Protein chains: 2
Amino acid sequence: MPNTYVSAAEAMIRKEGGRATDSRVRILALLLAEDQAITHREIETRMSGQQLDRVTLYRVLQWLADRGLIHKISSDDHVWRFHVNHAAYAHQHAHFKCTNCAKVVCLEDLASGRQSERLLTLPAGYRFQAIELTIKGLCAKCV
Amino acid sequence: MPNTYVSAAEAMIRKEGGRATDSRVRILALLLAEDQAITHREIETRMSGQQLDRVTLYRVLQWLADRGLIHKISSDDHVWRFHVNHAAYAHQHAHFKCTNCAKVVCLEDLASGRQSERLLTLPAGYRFQAIELTIKGLCAKCV
DNA sequence: ATGATATCGCAACACAGTTGCATTGATTGT
DNA sequence: ACAATCAATGCAACTGTGTTGCGATATCAT
C-alpha cells in the first residue's frame, strides 16, 4: 500500500471529524488504491494477516458511506460493493457489471437522471427521486 | 384465489411440459393475481395454512423463472421479488421501488435498451448485454 | 392400476449482515 | 507527558435469505 494512499485516507477521515483509527485508514487507503468496486469479503481477504474483525469492517464501511467518502453499490448477486467517491462519480452515475467475472466498475457521470426520467412515465401520483442504472455485459478480459 | 387464476396457472405450467403440482399451481396463481412484485417471504405468508415448505417455494420460483413465466427483480434491500411476465413486460423493462414502503412495480416496456446504451459509453473492449434500470421514489400511497 | 421419476419436505448448511456489551485506544485538556 | 473521556473495536450470539443432499411422496405415461 503506497504511502500516498494512507496519508490521503487519513486526511479524508480527519476532515470528516472522525478518529483516524488504523482500521479506517487502512480500509480507506485500500479502497483509494482500487479502481473497481469490491465486496466486503474481498476487502477482508486483502486485509487478512492484519487484525481486523468482520464487524469492524462492516461498521467502517458504513461510516465511510454515511459521510460520502465511499458509496455502496447494490448488485443482483445481493452483495454490496464499495467504491471511493472520486469527483467524477460525485453525482448519480451508472455501474457496469461483468456477467462473467462479476467485476463491477463505475461509469462516468451521465446526465441520465433527467434524460431517463423523460424516457419513461411513472404511474399517476408517483414521485421520482432517483435512478439506478446498471449495464450488464462482458468486461475487456472476458469478451 | 379466483378459479380463473388457478386454471390459467395450470395451463401455463403444462404448456412448459412440467408437472402441474399443487405447489406450482397455487404459487403461480397467487402471482397472477398480484399486480406488484412480491418477495419470497410475502408469498410464504400468503400461503401459510397450506402445506408448503420454504425450500419448495424457492425451487418453484426458480423453476417458473427459468421458464420465463415469471421474472426475478433484484433490489437494494437484497431480497428477490417476483412478478408474472405479462406481455407488456416481456421485453426489458424498468422497475419502480418506493423508498418508503418498499413496494415494487414493473414499469411499461420502454425502448430504453438502445436509447440508454447510447446515453453512455462503455470502456474500450467492453461488450453491452443488458440494462437494468430502477427508478426510486414514492408511490401514490406514500407521497 | 402401476412403475418411473420429477418433485417435495426435512435437516443441515452457507453466507451476508446486525446487535449488545465489555474492552481498547485516539483525542483532548491539563 | 499523562490521565480522563468516550468513540471505536473485538467477540459472541443472533437474524434472514438462500442452498444442498437425500429419503419420501405424488404426478403422469403406459
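Being a predicted model, the structure only gives us computed values, none of them experimental. By convention in this document, chain letters (A, B, ...) are assigned in the order of the sequence lines, proteins followed by strands, and residues within each chain are numbered from 1.
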Subject >> Side-chain donor/acceptor contact of B:R54 with base of C:dG9 under 3.5 Å >> reply: no
Original post:
Which of the following nucleotides, C:dC10, C:dT7, D:dT19, is nearest to the side chain of B:W63?
Top reply: C:dT7
Original post:
Is the shortest distance from a Lys or Arg side-chain nitrogen in A:K97 or B:E132 to a carboxylate oxygen in the other one below 4.0 Å?
Top reply: no
**OP:** Mark yes or no for a side-chain to base donor-acceptor pair under 3.5 Å between B:R59 and D:dG21, with no hydrogen or angle criteria applied.
**Re:** yes
**OP:** Work out which heavy atom in A:L57 is nearest to a heavy atom in A:E44; give both atom names and the distance.
**Re:** CD2-N, 3.8 Å
Subject >> Earlier contact from the 5' end, DNA chain D, for A:D22 and B:V55 >> reply: A:D22
**OP:** Return the nearest nucleotide to the side chain of A:R14; candidates are D:dT9, C:dT27, D:dG10.
**Re:** C:dT27
Original post:
D:dT17, C:dC8, D:dT9: which one has an atom nearest the side-chain heavy atoms of B:T56?
Top reply: C:dC8
Original post:
Roughly, in whole Å, what's the span from CZ in A:R24 to P in C:dT24?
Top reply: 19 Å
**OP:** If the plane angle is over 60° it's perpendicular, under 30° parallel, otherwise tilted; pick one for A:H40 and A:Y58.
**Re:** parallel
Original post:
Nearest of C:dG9, C:dC8, D:dA7 to any side-chain atom of A:R19?
Top reply: D:dA7
Original post:
Separation of B:L52 atom CG from C:dC8 atom P, in whole Å?
Top reply: 9 Å
**OP:** Rounded off to whole Å, could you give me the OH-to-P distance for the A:Y58 and C:dG20 pair?
**Re:** 18 Å
**OP:** May I have the distance from A:R81 (atom CZ) to C:dA16 (atom P), rounded to whole angstrom?
**Re:** 11 Å
Subject >> Of the listed nucleotides D:dG18, D:dT9, D:dG10, the one nearest the side chain of A:H78 >> reply: D:dG18
Original post:
Can you name the nearest heavy-atom pair linking B:K136 to B:F96, along with the distance?
Top reply: C-CE1, 4.2 Å
Original post:
Just how far, in rounded Å, is C1' of C:dA6 from CD1 of B:I13?
Top reply: 14 Å
Original post:
Hey, is the main chain of A:L133 close enough, under 3.5 Å, to the side chain of A:H95 for a donor-acceptor pair?
Top reply: no
Subject >> A:D53 CG to C:dA22 P, straight-line distance once rounded to whole Å >> reply: 17 Å
**OP:** Have a look at B:R41 and say if it touches a base, only the backbone sugar-phosphate, or nothing, with a 4.0 Å heavy-atom cut-off.
**Re:** sugar-phosphate
Original post:
Are any side-chain N or O atoms of A:H78 and backbone N or O atoms of B:H78, one a donor and one an acceptor, separated by less than 3.5 Å?
Top reply: yes
Original post:
To the nearest Å, how far apart are A:E42 CD and C:dC15 C1'?
Top reply: 15 Å
Original post:
Of B:T21 and B:V79, whose closest DNA chain D nucleotide lies nearer the 5' terminus?
Top reply: B:V79
**OP:** Nearest-nucleotide wise, let me know which of A:G18 and B:S23 is further upstream toward the 5' end of DNA chain C.
**Re:** B:S23
Original post:
Just to confirm, is there a sub-4.0 Å distance from OP1 or OP2 of D:dT9 to any side-chain nitrogen or oxygen of A:Q51?
Top reply: no
Subject >> Presence of A:W80 side-chain N/O under 4.0 Å of C:dG17 phosphate oxygens OP1/OP2 >> reply: yes
Original post:
Between A:E44 (CD) and D:dG10 (P), how many Å, whole number?
Top reply: 12 Å
